[in-house]
Amino acid sequence: MDFKPVVEAFEQMEQTSSRLALTEFLVALLKKTPPVMIDKVTYLIQGKLYPDYEGIELGVAEKMVIRAIASSSGKDQPQIERIYQKTGDLGDAAGEAMKPKGQSTLFSEPMTVERVYSTFDRVARTAGSGSQETKLRLISSLLNDATVAEGRYIIKFVMGQLRLGIADYTVLDALAVAFTGDKANRQVLENAYNVSSDLGTVAKLVATKGLEAVRSIKITLFKPIRPMLAERITTSEEALERMEGKAAVEYKLDGERVQLHKGKNTVELFSRRLEKITSHYPDLEGAVKSIESEVILEGEVVAINSQTGEYLPFQELMHRRRKYGVEEAMENYPVAMNFFDVLYVDGKSKMELTYMERRKLLKKIIAGVKNDKVRLIEQTIATKPEEIDRFMAAAIENGCEGVMIKQMSSSYRAGARGYAWVKLKREYSNDLADTLDLVIVGALHGRGRRAGKYGALLLAAYDQKADMFQSVTKVGTGFTDVHLEQFYKELEQHVINRRHPRVETGMDMDAWFEPKMVIEVIASEITLSPSHAAALNALRPGYGLALRFPKFTGKIRDDKKPEDATSTEEIVTMYKRQLKVAGPSRTGAEEEG
Ligand code: AMP
């Protein structure tokens, strides 16, 4: 397949701010793609070579890319650096530098998707001493034969800066339309994606074998399952109402969710975002060795106080996220894995079993493990609100965030947020009962002490139905100098030159970002807002919802994907609940006055 139609589609997608148009361009591209190439094209448009859980990255240093551009454009490195400074994007700089070049040379090899993909793949797999030089040669070989537009996207891809804004859900929609002719079939594709976490494979299957083949995709060891998620509620009464009077209540530990895959001799750990994090917790690999079966289990890894065995807060786990010195961190920051679910045993899915059946099975699996790093999460069965409240008080005393309440008859619903699991969190000392996890989508430049950094960030909630990020507040307090530095650096990687097509807001910003980074905030209340887009028109025509007195709590939620952020529906619920407590006349202005 020629690389040209892919590049043309990239150009169209880059220009649009409409999600609908994005889907249409994608459908057109998928239809043009030969079925055997569908998986590769699916990965490429998302800036990947493989599904996330493979953890394969190109690993190219910026300096090398500058050298590659210099050598194939016939300019010198300082020239390229100057253009780069002007454009702020190395792909655009490559395009600029290559401009006089026009078409590729007479003896060039044709630029096909196969060639581009396999070259990228070789770049990713080259490791060890001298690897940067090899990577440089590979990239140059592509650039030498590339047109200006092709060169631009080759470099953007290599630098991880292909910011087309194509979310998983957009791809699923486009696949349904392109290969089944009906968007409603997206659900079948989504189910397959939920148990495989591999869009490329799902795409290829539907393109080559049709919908029935997609229906039969099964859970496989070492392919992570997309996690089941919980809705939030605020009272134990509400929990029991939702669960028909009887429910399982578990400790909600404040750690990192981990999906453990254990084969005969291999163990892999996946984060909630389905990234491989086995290397963060080598001690856990050893701790589960004595489990005889091949299993997929879920649990929460929590840091513990080595003196007292007590649970410590989430932040303590940060010490484990490092490449070097893991041994030392294991000593100084011990952890325990607290299991709460089992999804697979010896070749068979257990997701269809009820919660109670899975819990019994889990207990049996863990019973044989004689290691204090492996625990079964505390649980009780409750039929009265007081029982939940008492269990919750004990959980909080033991360092938990609250409790998870689970429907006893429910199967495991991969990738879904629903009321089969609900979370009840402790009250915070601020006025709103709960924290919110929001996505950074824009920023204002700082002034004075914050000059050269961002002064305030625009945050958005996630609208699940529309698959859009809708602004809900600007936040400028709660940041230390260290945070300001860190945010500036991290956000730099996600800067785009206009509002992202999946972002809605009435606010004008100095900088825009791809929706990537999730942070936790608290606020005093939720008010109606004429300028924010969250829940626009849901409560009053022309108004959305906004946070009042928002403050960053210090927690960067890098365990959450942007789609895991607090939803606009949750914010509407929080708003209504606040009205119930305070009476319908309460507004921000009145309170302040
Ligand atoms: P939240 O991050 O507030 O949306 O809450 C959901 C998260 O709570 C999950 O992703 C887990 O990391 C964590 N968690 C802690 N304890 C449990 C439990 N017993 N069952 C399920 N999830 C739990």
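For the numbers below, each heavy atom of this structure counts, side chains included, while hydrogens, waters and symmetry mates do not. Numbering of ligands and ligand atoms starts at 1, following listing order.
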Trainee: Please check: side-chain N/O of Thr505 versus main-chain N/O of Gln470, any donor-acceptor pairing under 3.5 Å?
Mentor: no
Trainee: Mind checking what makes side chain to side chain contact (heavy atoms under 4.5 Å, CB included) contact with Glu57, not counting sequence neighbours?
Mentor: none
Trainee: Decide whether Glu570 and Thr573 meet the rule of one side-chain donor and one side-chain acceptor closer than 3.5 Å.
Mentor: no
Trainee: Among Glu250, Lys364, Met408, find the residue that satisfies the side-chain contact (heavy atoms from CB on, under 4.5 Å) test when tested with Arg359.
Mentor: Glu250
Trainee: Flag the pair Lys350 / Tyr344 as yes when at least one side-chain heavy-atom distance between them is below 4.5 Å, and no otherwise.
Mentor: no
Trainee: Which protein residues have a heavy atom under 4.0 Å from ligand 1?
Mentor: Glu250, Tyr251, Lys252, Leu253, Arg257, Arg272, Glu300, Phe340, Ile377, Met404, Lys406, Trp421, Lys423, Lys425, Arg557, Lys560
Trainee: Once the angle between the rings of Tyr488 and Tyr454 is folded into 0 to 90°, is it parallel (under 30°), tilted (30 to 60°) or perpendicular (over 60°)?
Mentor: tilted
